[in-house]
Amino acid sequence: MNNSELDYWFDPSSRTLEELRLLQNKAIGNLSLEDGFGKIDRIAGVDCAYYDDKIICSMPVLDYKSLELIEKKHIVQKVPLPYIPTYLNFREGKAIASVFTELKNKPDIIVFDSCGINHPIKAGMATYFGAVMDIPTIGVSKKILCGESETPNEVGESQKLMFKGEQVGWLLKSNKRSNPIIIAPGHKVSVESSLEIVKHCLKGYKLPEPTRLAHMYAAEAKIEIPEHKNRK
DNA sequence: GCGACAG
DNA sequence: ATCTTGTCGC
């Protein structure tokens, strides 16, 4: 995907919210909830940190079987849009696409720190990115954007997340002392597989390794940017 | 109209 | 997300 195509899908500047909503609908036209992957060798996680008007996006790639780090990359850009619920894909999308492009070891699937199809029009960050790039993605968030669910209480227990009469994901009690995490398919991953893949990536922490490491690396990269070091 | 609302 | 130390509990 070249730069103009990248801007077409991810640049919110000089566009109205109505136009951005149309882009989300257009991207979702390509959505698939069937497992569209073969053997998973590598899995990546992605997360963003913020400082002033800068967005720091980190993307580690791990070996799926051992969950060991293979490669990590991060990028710093100017935040293109304030946080507007249901439009997160246009706030973080460009930065994420940029880091993804720079990876030498492309992952077979990516885990996002955001929503997937558990979004008002199924255009959560994970789904939008996956549909635009046509790669398998999963969304893992800490708070519910939309939908209802029972609360899982035992570690390892999961409950269906329902929205408008359909299952759009899960709530999973991943850790004894943490609130449940919300899991949902992004693109090319079924509802069932999204849960199994995330479970495979759990190492006793609240978040699955891909996302947990992405969060750590983004925080590390953040304190290294000049704006942060020159603070007075 | 009112309240909710990923990061 | 971000601003931030100590502190309760296993």
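Proteins get letters first, then strands, A, B, ... in listed order; numbering begins at 1 in each. Only heavy atoms go into these numbers, but all of them, side chains included; no hydrogens, no water, no symmetry mates.
Contact between Asp134(A) and His187(A) at its shortest, heavy atoms only, is OD1-NE2, 3.0 Å.
Phosphate proximity of dA1(C) to Lys143(A): absent, as no side-chain N or O sits under 4.0 Å from OP1 or OP2.
Looking at heavy-atom distances under 4.0 Å, Lys222(A) makes contact with sugar-phosphate atoms alone, never a base. At a threshold of 4.0 angstrom between heavy atoms, the contacts of Tyr83(A) include nucleobase atoms, whether or not backbone atoms are also involved. At a threshold of 4.0 angstrom between heavy atoms, the contacts of Phe90(A) with the nucleic acid are absent. Contacts of Ser141(A) with the nucleic acid, taken as non-hydrogen atoms under 4.0 Å apart, involve only primed sugar atoms and P, OP1 or OP2. Using a 4.0 Å heavy-atom criterion, one finds that Arg91(A) contacts the bases of the nucleic acid, with or without backbone contacts as well. Here Asp113(A) lies in heavy-atom contact (under 4.0 Å) with sugar-phosphate atoms only.
Within the model, atoms CG of Leu62(A) and CD of Glu71(A) stand 11.0 Å from one another, a figure rounded to the nearest 0.5 Å.
Ring pair Phe129(A)/Phe100(A) is perpendicular by interplanar angle, where above 60° counts as perpendicular and below 30° as parallel. His228(A) and Tyr51(A) have tilted rings, their planes meeting at an angle from 30° to 60° on a 0 to 90° scale.
Classification of Asp47(A) and Arg212(A) as a salt-bridged pair fails, no side-chain N sitting under 4.0 Å from a carboxylate O. Salt-bridge formation is detected for the pair Asp113(A)/Lys142(A): a Lys NZ or Arg NE/NH1/NH2 atom is positioned less than 4.0 Å from an Asp or Glu carboxylate oxygen.
Tyr87(A) and Tyr128(A) fall within the same hydrophobic cluster, defined by Ile, Leu, Val, Met, Phe, Trp and Tyr side-chain heavy atoms under 4.5 Å apart, directly or through other members.
Running 5' to 3' along DNA chain B, contacts with non-hydrogen atoms of chain A at under 4.0 Å begin and end at dC5(B) to dG7(B).
With hydrogens and angles left out, the side-chain atoms of Glu92(A) and Tyr83(A) include no donor and acceptor closer than 3.5 Å.
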Dot-bracket pairing map - DNA chain B, Watson-Crick plus G-U, both contacts under 3.5 Å, | cross-strand: .......
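In this entry the distance linking NZ of Lys54(A) with C1' of dT2(C) reads 16 Å, nearest Å. The interatomic distance linking Lys206(A) (NZ) with dC10(C) (C1') rounds to 18 Å, in whole Å.
Relative to the ring axis of Phe90(A), Arg15(A) does not place its NZ or CZ within 45° and under 6.0 Å from the centre.
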